[in-house]
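Just below is one structure, and these are the notes that go with it.
Just so it is clear, the values below take in all heavy atoms, side chains as well, and ignore hydrogens, waters and symmetry mates.
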Amino acid sequence: MTLSVAVGKSDHAQGPENAPVTLVEYGDYQCPYCADVHSMIQSIAKTMGPNLRFVFRHMPLNDVHPYAQYAAEAAEAAGAQGKFWEMHDAIYDHQSDLGSDLVHTLALTLKLDMPRFEADMEARRYRPRVKRDFMGAMRSGVAATPTFFINGERYEGNLEQRALLTALQRT
């Protein structure tokens, strides 16, 4: 399987645009497996440095994770204020408490413009953005989270650090 939607300017990415390796994750903020790989991805990114560009895309599995969509929209609302990655990390760091109260607390902690954040959340302003990512996942054949693509090709190996790092370094 290949990535059906190429990485673009509107993606949330860390690392240089011209990095030789791009790792795309389709993730769900309430998925325990996504939380498990979150720190692993951070460690891999440190190890690979400028050789890796990491892209996160939303794939909330609403049937099994009732707060995943809300959390994804909150990350986007924080992103509109320049704090996507801070919210992204904070949600995963506190996943066991995920809900509207936690998201509100995290927004306060990140010192977001709260009236703007609350208005964005109430209006569901970022729902279309999250849906766009989700539909891209569907077109790419993604059925579960986390799912990774390395330079556009689906990663089928073990979701453990050594295996993923080896695959990334081989590319």
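- In this structure a side-chain-to-backbone donor-acceptor pair under 3.5 Å is missing from T145 to Y26.
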Pair Q14-F56, side-chain contact (heavy atoms from CB on, under 4.5 Å): steps then yes or no: CA-CA 9 Å; Q14 292 180 315; F56 183 84; over 6 Å; no
Which atom pairs, one a donor and one an acceptor, fall under 3.5 Å between side chains of residues 82-91 and the rest of the protein, sequence neighbours left out?
from: K83; atom 1: NZ; to: L110; atom 2: O; distance (Å): 2.7
from: H88; atom 1: ND1; to: Y29; atom 2: OH; distance (Å): 2.9
from: D89; atom 1: OD1; to: H38; atom 2: NE2; distance (Å): 3.3

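- Contact check for K9 versus E17: side-chain heavy atoms found under the 4.5 Å cut-off.
- L102 and Y126 end up in different hydrophobic clusters when Ile, Leu, Val, Met, Phe, Trp and Tyr side chains are linked at under 4.5 Å.
- Within the 4.5 Å cutoff, no side-chain heavy atoms of H104 are placed close to those of F117.
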Let me have the donor-acceptor pairs involving side chains of residues 161-171, under 3.5 Å, with sequence neighbours excluded, atom names and distances please.
from: Q161; atom 1: NE2; to: S43; atom 2: OG; distance (Å): 2.9
from: T166; atom 1: OG1; to: R162; atom 2: O; distance (Å): 2.8
from: T171; atom 1: OG1; to: A167; atom 2: O; distance (Å): 2.9

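- The number of heavy-atom neighbours closer than 6.0 Å to CZ of F149, taken from other residues, nucleotides and ligands shown, is above 12.
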Output a table of donor-acceptor pairs, distance under 3.5 Å, between side-chain atoms of residues 130-138 and any protein atom two or more places apart or on a different chain; print 'none' if there are none.
from: R132; atom 1: NH2; to: S10; atom 2: OG; distance (Å): 3.3
from: D133; atom 1: OD2; to: H58; atom 2: N; distance (Å): 3.0

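- Heavy-atom minimum distance, P50 versus P20: O-CD, 4.1 Å.
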side-chain contact (heavy atoms from CB on, under 4.5 Å) assessment of T147 paired with R57: CA-CA 10 Å; T147 295; R57 291 181 175 170; over 6 Å; no
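- Under the 4.5 Å side-chain criterion, counting only non-hydrogen atoms from C-beta, V37 is in contact with F148.
- Contact annotation: the side chain of C34 approaches that of E25 to within less than 4.5 Å [non-hydrogen atoms, C-beta and beyond].
- The residue from I150, T22, L23 that alone fulfils the side chain to side chain contact (heavy atoms under 4.5 Å, CB included) condition with L52 is L23.
- Contact between Y70 and S100 at its shortest, heavy atoms only, is CE2-CA, 3.6 Å.
- At a threshold of 4.0 Å, the pair E76-R124 does not count as salt-bridged, since none of the basic side-chain nitrogens sits closer than that to a carboxylate oxygen.
- Under a 3.5 Å cut-off, the side chain of Q95 and the backbone N or O of C31 do form a donor-acceptor pair.
- Using a 4.5 Å heavy-atom threshold, the side chains of I41 and F54 count as touching.
- Here the shortest heavy-atom pairing between P115 and D113 reads CD-OD1, 3.1 Å.
- Around the CE atom of M114, the shell of radius 6.0 Å holds more than 12 heavy atoms that belong to other residues, nucleotides or ligands.
- Within a 6.0 Å radius of NE2 in H12, more than 12 heavy atoms belonging to other residues, nucleotides or ligands are found.
- Minimum heavy-atom separation, P32 to H65: CD-NE2, 4.1 Å.
- For the atom pair I44 CD1 and M40 CE, the distance stands at 4.5 Å (nearest 0.5 Å).
- L159 and V55 sit in two unconnected hydrophobic clusters of ILVMFWY residues. Membership requires side-chain heavy atoms under 4.5 Å apart, directly or through other members.
- With hydrogens and angles disregarded, no donor-acceptor distance shorter than 3.5 Å links the side chain of Q69 to the backbone of N62.
- Of all heavy-atom pairs between A77 and D120, the closest is CB-CB, 4.1 Å.
- With a 4.5 Å cut-off on side-chain heavy atoms, P146 and M59 do not count as touching.
- Counting heavy atoms from C-beta on, the side chains of L3 and N151 never come closer than 4.5 Å.
- The heavy-atom pair separating R139 from S4 by the smallest distance is CB-OG, 3.2 Å.
- No path of Ile, Leu, Val, Met, Phe, Trp and Tyr side chains, each step under 4.5 Å between heavy atoms, connects V142 with M1, placing them in separate hydrophobic clusters.
- Following chains of ILVMFWY side-chain contacts shorter than 4.5 Å, one can reach M121 starting from L98, so the two form part of one hydrophobic cluster.
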